[in-house]
Amino acid sequence: MNISRSVSLLAGLVLLGSLATSASAEDEQFKHAEKLYDTYCAQCHGMNRDGNGLNSAFISVQPRDHSDPKGMGDIPNDEIIEVIKKGGLAANKSVLMPAWGGIFSDEEVDQLAAYLRHICNCGSN
């Protein structure tokens, strides 16, 4: 193997290692919020975060698609936080969206809001 090829191979391995480290740090950042979402939100919003959860077939107002960058990107963070804390009625949305403010701490609500931004790849609005 020539030197040039060895250097290229080594550079590729270093790049892959740094990508894996950054992905695992990101995964770690959202680990708790993802668990909360899977436990409390996925029944309606779906395991794919697309609004097609098990309960969605039985409710008249379809749950929001959290994977939609356009739809989620148009919602300010303070509204996302308010809806998580106070339920759907806080934003004139579905009465079936429960208020989680008594269940989640303020830190968990903030983590969930950041996780929703991560899911939709729509920034921090």
Side chain to side chain, Ser67 and Asp50, heavy atoms closer than 4.5 Å: yes

Side-chain (Glu107) to main-chain (Phe104) donor-acceptor, under 3.5 angstrom: no

Atom pair SG (Cys44) and CG (Asn52), whose distance is rounded to the nearest 0.5 Å: 11.5 Å

Rounded distance (nearest 0.5 Å) linking atom SG of Cys120 with atom NE2 of His66: 9.0 Å

Residues, nucleotides or ligands: over 12 heavy atoms within 6.0 Å of Tyr40 OH: no

Closest contact, heavy atoms only, Ala113 versus Ile81: CB-CG1, 3.8 Å

Distance in Å, Arg64 CZ paired with Met72 CE, rounded so as to fall on 0.5 Å steps: 6.5 Å

Rounded distance (nearest 0.5 Å) linking atom CG of Asp65 with atom CD1 of Ile119: 10.0 Å

Contacts of Leu54 that satisfy side-chain contact (heavy atoms from CB on, under 4.5 Å) - sequence neighbours left out: none

Where at least one partner belongs to residues 83-97, residue pairs that pass side chain to side chain donor-acceptor pair (under 3.5 Å), sequence neighbours excluded: Lys85-Asp106

Parallel, tilted or perpendicular: rings of Tyr37 and Tyr115 (30°, 60°): perpendicular

Beyond-backbone contact of Val61 with Leu96, side-chain heavy atoms, under 4.5 angstrom: no

Nearest-0.5 Å distance, NE2 of residue His32 to NZ of residue Lys35: 8.0 Å

Main-chain N/O of Pro76 paired with Glu79 side-chain donor or acceptor, under 3.5 Å: no

Sidechain N-carboxylate O distance under 4.0 Å for Asp38, Arg49: yes

Side chain proximity check, Leu116 to Ile75, heavy atoms < 4.5 angstrom: no

Distance, nearest 0.5 Å, that separates OG1 of Thr39 from CD1 of Ile103: 12.0 Å

Taking every non-hydrogen atom, the tightest pair across Gly51 and Gln62: O-OE1, 4.2 Å

